[in-house]
Chemist: 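My structure is below; once you've seen it, I'll send some questions.
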Amino acid sequence: MKKRNKLKILNDPIYGFITIPNELIFDLLEHKYFQRLRRISQMGLSYLVYPGAHHTRFHHALGCMHLMQKAVRVLRFKGIDISEEEEEALYVAILLHDIGHGPFSHAMEHSIVDEVNHEKISLMFMEKINAEFNGSLTLAIQVFKGEYHRNFLHQMISGQLDMDRLDYLKRDSFYTGVAEGNVNSERLITMLTVINDELVVEEKGIYSVEKFLLARRLMYWQVYLHKTSLVAENLLIRVLQRAKELVDNGVELPASNALSFFLKNKITAENFTTDVLETFARLDDYDIVCAMKEWVYAEDFVLSKLSTMIIDRDLLKVKVKKKAFGNNKKESHIEKFKNKYKISEEEARYFIFDGIISNQAYHLNKQNINILYKSRKIVDIVKATDQFNLEALSKPVTKYFMCYPKHKH
């Protein structure tokens, strides 16, 4: 059998050519669990607001790996010792960091599986692939979990200035067209170094870090927590919750085998077995969209109406403000809607609800972003900056929202 060339290059609209560093990485990319990420959009339903935002988790994972390659080169150039095994572990860990994401990102975690987060599912996928690959992912898994003795390796995968954030901010701003989010990831990486096993940024990178934190805050309010995306995501959660409720009551709903399994069974962290994982691996955005297209015709008013809202992008109205909404407002919307469609209050509550969003661009005391001065002094970015607004960025900002139907005349 002719040996295939596994050291291929891929073209990325943001970084240009991305090289696959070795055969293990190539084999991981080829794996069906990883290929599934091509069918999961990076930004959930945000494309209902930003039409260009159709990029996938697959695309993002490759970008992260590319940035990690750059980071390894920079650190080695600065005399930081990273062995070949550690280098490979970094690539594997960053490539697979999101492999457990369900369809439309976070909507699944709140509806179909009971509080099983994607990090836990990612780990299960890694363990399973590791068994297939004769333990060659063992070090990567240790680094991913933060159990390896060199902490800075973990920080590059999961910290406040990790390759994941450096790629998604750049990629999401590129595909949404929200230019303010465009961080110079490559320049930031060039400024990294390691002191006492901690990732730090050299003093000359201070403005790049400020820009990164501001871009992050901006992207949260303008894109990730955009009020229309918020409505869409909440509607999707409610569609899935309603479908599950109906199936629990014996209603037959059209859905793919994989989706039907999760609608029919209560899946929690306790019973999320490798068999369940196998079924989960068959779920992606397409299952959900196909189901909703059918559910538009469901007999149940709630399921049909919610599905139609998403499919036709005729969403609920949403108000966002700094103070919580009084209860009367909500109750009067419920009354109106109930009477209009002759439905129960419980059914009306699917269309009228409130919630809280909060965003903190920078978490103090949580793997801080530290600046290294020429004098070798190390200072947290908030103290190092002359920008007052960075201090403000480290305080959580909370806003309240309420969704309710458009009252058409």
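Note that the numbering runs from 1 along the sequence shown for the chain.
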Chemist: For the residue pair Phe337 and Phe351, does the interplanar ring angle fall in the parallel (under 30°), tilted (30 to 60°) or perpendicular (over 60°) class?
Modeler: tilted

Chemist: Give me the one residue out of Leu306, Leu246, Asn249 that meets side-chain contact (heavy atoms from CB on, under 4.5 Å) with Asp300.
Modeler: Leu246

Chemist: Would His60 and His97 count as a close aromatic pair, with their ring centres under 6.0 Å?
Modeler: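 Aromatic pair counts; centres sit under 6.0 Å.
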
Chemist: Given the side-chain rings of Tyr400 and Phe325, with only the six-membered ring counted for Trp, is the space between their centroids under 6.0 Å?
Modeler: no

Chemist: Tell me if the aromatic rings of His59 and Tyr175 count as close, with their centers under 6.0 Å from one another.
Modeler: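 Here the rings of Tyr175 and His59 have centres that are less than 6.0 Å from each other.
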
Chemist: Other residues, nucleotides and ligands only: do more than 12 of their heavy atoms fall within 6.0 Å of NZ on Lys321?
Modeler: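 More than 12 within 6.0 Å, yes.
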
Chemist: A cation-pi test, strictly: NZ or CZ of Lys377 under 6.0 Å from the centre of the six-membered ring of Tyr373 and no more than 45 degrees from its axis. Yes or no?
Modeler: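 Yes, Lys377 sits over the ring of Tyr373.
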
Chemist: Should the pair Arg38 and Phe58 be classed as cation-pi, given the thresholds of under 6.0 Å to the six-membered ring centre and 45° from the axis?
Modeler: yes

Chemist: Salt-bridge test for Arg242 and Glu245: reply yes if a basic N is under 4.0 Å from a carboxylate O, no otherwise.
Modeler: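 Answer for the salt bridge query: yes.
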
Chemist: What distance separates Lys399 NZ from Ile356 CD1, expressed to the nearest 0.5 Å?
Modeler: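 Lys399 atom NZ to Ile356 atom CD1 measures 14.0 Å (nearest 0.5 Å).
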
Chemist: If only atom types and distance count, is the side chain of Ser304 paired as donor or acceptor with the main-chain N or O of Val296 below 3.5 Å?
Modeler: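 Answer holds: yes.
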
Chemist: Which value, rounded to the nearest 0.5 Å, describes the distance between Leu7 atom CG and Ile25 atom CD1?
Modeler: 11.0 Å

Chemist: Could you tell me if the ring centre of Phe301 sits under 6.0 Å from that of Tyr341?
Modeler: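 Under 6.0 Å, so yes.
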
Chemist: Which residue, Lys70, Gln69, Met68, forms the side-chain contact (heavy atoms from CB on, under 4.5 Å) with Met163?
Modeler: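 With Met163 as partner, side-chain contact (heavy atoms from CB on, under 4.5 Å) holds for just one option, Met68.
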
Chemist: Is the side chain of Asp285 donor-acceptor paired with the backbone N or O of Ser41 at a distance under 3.5 Å, no angle test?
Modeler: yes

Chemist: Return yes when atom NZ of Lys78 has more than 12 non-hydrogen atoms of other residues, nucleotides or ligands closer than 6.0 Å, and no otherwise.
Modeler: yes

Chemist: Is it true that a side-chain atom of Asn271 and a backbone atom of Thr268 form a donor plus acceptor pair closer than 3.5 Å?
Modeler: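 Yes, because the side chain of Asn271 sits within donor-acceptor range (under 3.5 Å) of the backbone of Thr268.
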
